[in-house]
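Throughout, protein chains are lettered first and strands after them, A, B, ... in sequence-line order, and every chain is numbered starting at 1. All figures in this text were calculated on a predicted structure; none of them were measured in a lab.
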There are 2 protein chains.
Amino acid sequence: MIQNLNKHERESLHEALAKSGQKITPQREIVYTVLLAQRDHPTVDEVYHRALETMPGLSLATVYNCLETFVGCGLVRQVNHERESTRYCPNLAPHAHFRDESTGRVHDIELPKEILDQLTKILPANFETETIEISFQGRTKTSNKN
Amino acid sequence: MIQNLNKHERESLHEALAKSGQKITPQREIVYTVLLAQRDHPTVDEVYHRALETMPGLSLATVYNCLETFVGCGLVRQVNHERESTRYCPNLAPHAHFRDESTGRVHDIELPKEILDQLTKILPANFETETIEISFQGRTKTSNKN
DNA sequence: TTGAGATTTTGAATCATTCTAAACGGCTAA
DNA sequence: TTAGCCGTTTAGAATGATTCAAAATCTCAA
């Protein structure tokens, strides 16, 4: 069963929404709760089905809307891989993604600040970066189920 | 007008196809020629329209097939950006991509080997990488039209 | 030159995502 | 308390890139 947001999580949500002039709604709280509850980079459809258990009438379009809103106010990151469905990730620390080809799972990889700094240095002087995305693709050896 | 493949380019193509047991066809030669002629990371549709000028009967599905084949035998890289159409790139040297949000254009950014090495080091020991993708998103300052 | 197997073609099918229009909800001012 | 404004949600249709299916065509080794 999905836990409710704790005080701090609820605050982040309310603050982020308020900051960009948007309202708090039950749908948004539930979608955000679902994202925090299981940090496995779910697709829209996965979020939708998980959220349905708490709010049976919820519509898919609303899940799209909520997630778009969260991305817009910086609460959540989009993770795209090739042409697969977009996945969503509430981890705001700078990190890369590793996609395991054998399981399809996506893992967060912590990204040292030095590497980010170095990366921005390889750009020509007049290129201004807003976001950097780094994604690895491969396999995990051995029986590690992580 | 689109130039023909030079001797070396034709050889790479034939060799790569042969190596993965596939045939040389006029369609494949033309699609590859189009990719080399203008290295602006075209979409399938762009490749299709450029190729039509040389081979009027060509079908869109064939362009999809050819590009998929080239990616499969390592002649060409796919470039995905968010949910936009997939783009294709015949630059085989390791490089990152910078997408200019104001123009939609994609630029190749040379990628120093040290950075690649460092990147693979941040992975847990049992993660085996096959490919790494790095993409920047931002804007180019000033009136540089590059 | 021939035949097996790969490739191309056309058009239909798929599927994630976006759009549209109507209903809803919450807040503010009277 | 009510009226109305405006952002949000909803259902379903529309979009658009990509894939699939089946038949026709082509390529190349023998």
Side-chain angles (χ1 to χ4, degrees), chain A residues 13-14 16-34 41-52 54-73 75-88 104 106, chain B residues 10 13-34 41-52 54-73 75-88 104 106:
Chain A
L13 174 61
H14 289 206
L17 288 173
K19 196 175 296 177
S20 50
Q22 299 180 90
K23 294 179 176 167
I24 293 145
T25 67
Q27 289 88 341
R28 285 176 178 166
E29 292 210 330
I30 284 168
V31 169
Y32 190 56
T33 304
V34 165
H41 308 87
T43 61
V44 174
D45 218 62
E46 285 163 346
V47 172
Y48 174 55
H49 288 293
R50 290 176 197 173
L52 273 186
T54 306
M55 182 184 267
L58 183 67
S59 84
L60 179 59
T62 298
V63 177
Y64 273 98
N65 291 340
C66 290
L67 291 170
E68 191 192 1
T69 301
F70 296 160
V71 170
C73 61
L75 268 179
V76 160
R77 272 178 58 184
Q78 269 184 335
V79 184
N80 284 290
H81 223 286
E82 308 269 303
R83 296 247 103 226
E84 292 178 1
S85 308
T86 302
R87 297 176 173 278
Y88 292 85
V106 175
Chain B
R10 186 181 307 269
L13 173 61
H14 289 204
E15 196 185 311
L17 288 173
K19 196 175 294 176
S20 51
Q22 299 182 88
K23 294 178 176 168
I24 292 147
T25 67
Q27 289 87 343
R28 285 176 177 165
E29 292 210 330
I30 284 169
V31 169
Y32 190 55
T33 304
V34 164
H41 309 86
T43 62
V44 174
D45 218 61
E46 285 163 346
V47 173
Y48 174 54
H49 288 292
R50 290 175 197 174
L52 273 185
T54 306
M55 182 184 266
L58 183 69
S59 83
L60 179 59
T62 298
V63 177
Y64 272 99
N65 292 340
C66 290
L67 291 170
E68 190 191 3
T69 302
F70 296 159
V71 171
C73 60
L75 270 179
V76 161
R77 273 177 57 183
Q78 267 183 336
V79 184
N80 284 289
H81 224 285
E82 309 270 304
R83 296 247 102 227
E84 292 178 1
S85 308
T86 302
R87 296 175 174 278
Y88 292 85
V106 176

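Within 4.0 Å (heavy atoms only), B:Thr86 reaches sugar-phosphate atoms of the nucleic acid but no base atom. Among the atoms of the strands shown, only primed sugar atoms or phosphate atoms (P, OP1, OP2) are found under 4.0 Å from some heavy atom of B:Gln22. Residue-level contact check: A:Ser85 touches the backbone only, with heavy atoms under 4.0 Å from sugar-phosphate atoms and none from bases. When heavy atoms are screened at a 4.0 angstrom cut-off, A:Asn65 is found touching base atoms of the nucleic acid.
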Can you check each nucleotide of nucleotides 19-30 of chain D against protein heavy atoms at under 4.0 Å and return B for base, S for sugar-phosphate only, - for none, in 5' to 3' order? B-------BS--
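For the pair B:Val44 and B:Thr86, the minimum side-chain heavy-atom distance is 4.5 Å or more. In this structure the side chain of B:Pro42 reaches within 4.5 angstrom of the side chain of B:Arg50, judged on heavy atoms. A:Leu60 places a side-chain heavy atom less than 4.5 Å from the side chain of A:Asp45.
Minimum heavy-atom separation, B:Lys23 to B:Leu17: O-CD1, 3.7 Å.
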Show your working on side chain to side chain contact (heavy atoms under 4.5 Å, CB included) between B:Met55 and B:Gln27 and close with a plain yes or no. CA-CA 8 Å; B:Met55 182 184 266; B:Gln27 289 87 343; 3.8 Å; yes
Do A:Thr33 and A:Leu13 pass the side chain to side chain contact (heavy atoms under 4.5 Å, CB included) test, and can you show the C-alpha distance, the side-chain angles, and the key distance before you say yes or no? CA-CA 10 Å; A:Thr33 304; A:Leu13 174 61; over 6 Å; no
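A distance of 4.0 Å separates OH of B:Tyr88 from CD of B:Gln78, quoted to the nearest 0.5 Å.
The backbone N or O of A:Asn65 sits less than 3.5 Å from a side-chain atom of A:Thr69, completing a donor-acceptor pair.
The salt bridge (Lys or Arg N to Asp or Glu O under 4.0 Å) check on B:Arg10 picks up B:Glu29, with sequence neighbours excluded.
Atom OH of B:Tyr48 is separated from atom C1' of D:dA17 by 14 Å (rounded to the nearest Å). In this structure, CG of B:Asn80 is placed 19 Å from P of D:dG16, rounded to the nearest angstrom. A straight line from CE of A:Met55 to C1' of D:dT9 spans 10 Å, rounded to a whole angstrom. A straight line from CD of B:Gln78 to P of D:dA17 spans 15 Å, rounded to a whole angstrom.
Taking a heavy-atom distance under 4.0 Å as the criterion, the stretch of DNA chain C touched by chain B extends 5' to 3' from C:dG5 to C:dT17.
Residue-to-nucleotide proximity on DNA chain D shows that, of A:Gly21 and A:Gly57, the 5′-proximal contact is made by A:Gly21.
Using a 4.0 Å cut-off, no side-chain N or O of A:Thr62 falls inside it from OP1 or OP2 of D:dT9.
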